[in-house]
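Beneath this line is the structure, given in structure tokens, with notes to follow.
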Amino acid sequence: MTAQQSSELTSVTLPDAITVKGLSERLGISPVEVIKRLMTHGVMAAMNDTIDYETAALVSSELGIAPSPEAAPQAVAAVIRSDEEQSEDGDPRPPIVAILGHVDHGKTSLLDSIRETNVVAGEAGGITQHIGAYQIERGGKPITFIDTPGHAAFTAMRARGAQITDVAIVVVAADDGVMPQTIEAINHVRAAEVPMIIAINKSDLPAANPDRVKQQLTEQSVVVEDYGGDVLAVPVSATTGAGLDDLLESIDLVAEIQELKASTDSLATGTVVEAELDSRRGPVATVLIANGTLRQGDALVSGLISGKVKAMFDERGDRLSEAGPSRPVRIMGLEDVPAAGDAIEVIESERSARRIVEEARREAESSTGVRHGGLTLETLFNEVGAGNVKELLLILKTDVRGTAEAIRGSLQGLGTGEVKIKVIHTATGSVSESDVMLADASGAIILAFNVRTEPSAASQAETNGVEIRTYDVIYQLIESVDQALEGLYEPIYERIVDGVAEVRQLFRSSRVGQIAGCYVTEGTLLRGDGTRVLRDGQEVADTNCAGLRRFQDDVREVQQGFECGVVLEQFDNFQEGDLLEFYHQKRVN
Ligand code: GDP
């Protein structure tokens with residue numbers, strides 16, 4: 001199916017599951033276009049991610065192309081299909097590996113020593129540049145490592161829709177054991193549903209205690225092979241190099257089970273892992289090829305940026321004329337600097353690439369601030385009703401561990417037939433950027449109990465539409481989630497009194513009606529406030545302040561000890577001696 005057919009296409013059959021790329025081909029539009037449309041529905045999917053029939057059908061209907069489910073294949077069709085699948089599946093490709101773990105447990109050291117000791121056979125000089133990713137060879141088989149340690153990079157990419165890691169290595173220092181960021185890393189990897197290998201590092205140290213590490217991991221439900229589980233754990237030392245080959249072998253093993261495949265003959269798609277503006281060479285981006293082969297001279301689109309591969313280099317700085325799947329390459333020739341996690345896609349011609357970008361820019365300008373993600377407790381019920389949400393993912397931050405366990409226990413019991421509750425990460429301490437990134441990447445809501453939100457995390461949450469709910473009473477937290485599940489959720493507001501004034505004189509204006517001449521006895525009156533009128537301790541009205549005056553001037557606020565004129569919305573019945581309570585609402589659940 002080609003792009004030319006798109007204009008005549010009125011109907012399409014779709015399978016139960018299809019990749020974004022596959023869908024774009026059936027609909028005759030670019031994968032970038034499909035990704036953008038999915039984003040407007042809160043679905044973050046990369047080129048090679050699979051989406052279900054309902055989601056694919058939604059995109060198709062939007063384009064005016066009527067979707068219908070693909071019929072179960074007949075015997076002959078099955079043969080043809082399996083042939084097609086063969087070619088679609090493509091050739092085996094190297095695994096892409098990320099290294100995560102607690103600070104100082106040796107992520108960087110491991111990446112460095114793997115890099116140094118496993119140079120591609122026959123290459124002199126080794127890998128000299130840090131370009132965000134590198135490839136080594138073990139027994140003739142290449143393995144690609146993402147050379148930015150830590151889960152920030154890992155999750156930031158996921159948050160942008162790029163799921164590029166095939167195997168995650170969680171490093172635990174044998175002398176230090178499982179630490180908070182180890183748990184965080186484990187939860188990030190789990191949320192990404194990426195297979196995990198544990199590297200028990202610093203095994204050379206006398207204080208190394210691998211058994212304790214394995215035990216601590218079991219407490220986190222990561223059960224290693226020795227303990228009867230299926231997670232591979234490999235003792236290593238980044239310093240002496242001991243165990244590194246075993247680690248690489250484990251990667252090979254885990255990767256083999258996944259049967260990673262990609263086509264080498266299609267136009268390339270990939271993900272930017274690092275990019276910057278080089279003063280001499282212009283924008284330079286390190287790209288990991290996901291599918292197809294990238295060639296010098298190819299026209300490219302990455303988000304709102306187009307370009308052409310003017311030159312390509314590997315991690316040794318050697319020039320390449322082409323690069324296949326899982327290969328990290330440094331490319332020159334983009335017209336601007338893309339962001340890490342952005343997808344890139346080769347387009348048939350430079351002209352089409354420019355046209356796609358122009359269209360995408362126009363659309364970006366016209367869609368005013370549509371955010372992706374953004375599941376909230378208030379919208380949960382509707383999303384469940386619409387079949388968009390089957391699992392409520394939660395991140396729980398609390399002041400002490402005991403509370404976390406209590407809350408977690410109560411929450412697990414709340415799931416309904418339609419929606420399951422899954423707490424994907426629990427930790428003590430304030431809500432951090434890393435939490436927000438995890439929430440953004442997985443579509444989770446953050447529940448903060450008795451902890452604050454770091455300002456940077458708050459602004460990031462705001463930008464990305466991630467909901468952070470703060471509580472200081474456990475039952476309120478549980479109740480909000482419960483009510484959200486039942487569709488009964490209504491936010492509770494608390495009244496915060498800003499100021500109180502006493503009515504001392506009455507005026508009448510032909511234009512605004514009755515004006516109360518007041519004296520502010522407490523706090524500050526604010527023009528936008530809600531106002532309660534109290535007479536002999538009884539509320540006679542609850543309305544809003546419509547105007548505040550000092551002499552002839554309209555003012556925004558009046559402080560304690562000053563006189564002023566007050567006009568209220570839809571209230572014309574002041575009496576001398578009335579008390580006016582000015583307040584604002586604060587959301588408390
Ligand atoms: P990262 O923060 O996880 O990237 O950790 P680094 O790679 O920066 O390592 C932290 C410290 O641990 C450094 O001083 C390293 O030299 C040391 N280190 C890392 N790996 C090993 C190891 O296998 N054995 C020993 N003895 N020290 C190590």
Side-chain angles (χ1 to χ4, degrees), residues 35 38-39 42-46 49 96-103 105 107 132-133 146-165 168-171 179-194 196 271-275 288 303 338-343 369-376 391-398 404 422-449 451-470:
I35 291 170
L38 288 172
M39 275 166 66
V43 178
M44 300 297 292
D49 285 348
I96 299 174
V97 183
I99 299 193
L100 298 82
H102 194 73
V103 65
H105 279 196
K107 299 179 290 293
I146 297 174
D147 194 9
T148 327
H151 51 251
F154 177 81
T155 308
M157 287 206 205
R158 269 190 77 221
R160 300 184 68 84
Q163 173 76 291
I164 53 178
T165 306
I169 296 185
V170 175
V171 183
M179 298 299 278
Q181 285 169 31
T182 316
I183 299 172
E184 201 167 286
I186 290 169
N187 289 334
H188 280 242
V189 172
R190 274 193 187 135
E193 294 177 357
V194 171
M196 175 181 351
T271 306
V272 175
V273 289
E274 198 176 284
L288 266 178
D342 278 352
V370 179
R371 293 171 312 158
H372 64 270
L375 179 68
T376 66
E391 256 182 349
L392 171 59
L393 304 184
L394 297 171
I395 292 171
L396 192 56
K397 297 297 295 255
T398 58
K422 200 159 145 193
V423 179
I424 59 169
H425 178 56
T426 316
T428 52
S430 48
V431 178
S432 66
E433 282 189 62
S434 166
D435 297 323
V436 174
M437 270 196 286
L438 177 59
D440 189 15
S442 359
I445 293 174
I446 301 176
L447 302 179
F449 183 80
V451 292
R452 65 185 200 97
T453 299
E454 286 165 19
S456 56
S459 63
Q460 200 186 355
E462 172 87 31
T463 316
N464 297 336
V466 168
E467 186 175 39
I468 302 174
R469 310 300 303 267
T470 308

OG1-CG distance between T426 and L394, expressed to the nearest 0.5 angstrom = 9.5 Å
Counterpart residues, side-chain hydrogen bond (donor to acceptor under 3.5 Å, both in side chains), relative to S459 (two or more places apart) = none
Contact summary for I424 and A191, nearest pair of heavy atoms = CD1-CB, 4.2 Å
Is there a donor-acceptor contact under 3.5 Å from the side chain of D435 to the main chain of S432?
-> yes
State, with a plain yes or no, whether a side-chain heavy atom of L396 is found less than 4.5 Å away from one of H425.
-> no
Side-chain donor or acceptor of K397 paired with backbone N/O of A427 under 3.5 Å = no
Return the set of residues passing side-chain hydrogen bond (donor to acceptor under 3.5 Å, both in side chains) with E274 (not counting sequence neighbours), or none when no residue passes.
-> none
Pair E454 + R452: basic N to acidic O under 4.0 Å | no
Checking side chain to side chain contact (heavy atoms under 4.5 Å, CB included) for the pair I146/I164: CA distance, chi angles, key distance, verdict?
-> CA-CA 9 Å; I146 297 174; I164 53 178; 3.9 Å; yes
If you take all heavy atoms of T398 and A404, which pair is closest and at what distance?
-> OG1-CB, 3.4 Å
What distance separates E184 CD from S434 OG, expressed to the nearest 0.5 Å?
-> 3.5 Å
Atom CG in L393, atom NZ in K422: separation rounded to 0.5 Å?
-> 6.5 Å
Apply side chain to side chain contact (heavy atoms under 4.5 Å, CB included) to the pair I395 and V436, showing each step before the final yes or no.
-> CA-CA 9 Å; I395 292 171; V436 174; over 6 Å; no
Shortest non-hydrogen contact between A439 and V466, atoms and distance | CB-CG1, 3.6 Å
Closest heavy-atom contact between A448 and V431?
-> CB-CG2, 3.7 Å
Do V170 and T182 pass the side chain to side chain contact (heavy atoms under 4.5 Å, CB included) test, and can you show the C-alpha distance, the side-chain angles, and the key distance before you say yes or no?
-> CA-CA 7 Å; V170 175; T182 316; 4.1 Å; yes
Non-hydrogen side-chain atoms of I169 and L100 separated by less than 4.5 Å = no
Using atom types as modelled and distance alone, determine if a side-chain donor or acceptor of E467 lies under 3.5 Å from a backbone N or O of I445.
-> no
Non-neighbouring partners of I183 that pass side-chain contact (heavy atoms from CB on, under 4.5 Å), sequence neighbours left out = V178, N187, Q220
K107 side-chain N/O to H102 backbone N/O, donor-acceptor pair under 3.5 Å = yes
Would you please test L438 and S442 for side chain to side chain contact (heavy atoms under 4.5 Å, CB included) and show each step?
-> CA-CA 6 Å; L438 177 59; S442 359; 3.6 Å; yes
Scan V189, V194, V97, L288 and name whichever one has a side-chain contact (heavy atoms from CB on, under 4.5 Å) with T165.
-> V194
Could you tell me whether the side chain of M179 reaches within less than 4.5 Å of the side chain of H105, counting heavy atoms only?
-> yes
Provide the closest heavy-atom pair for Q181 versus G101 in the form atom of the first, atom of the second, distance.
-> OE1-O, 4.1 Å
Distance, nearest 0.5 Å, that separates CE of M196 from NE2 of H188 | 12.0 Å
Heavy-atom closest pair (I468 atom, A457 atom, distance to 0.1 Å) is CD1-O, 4.5 Å
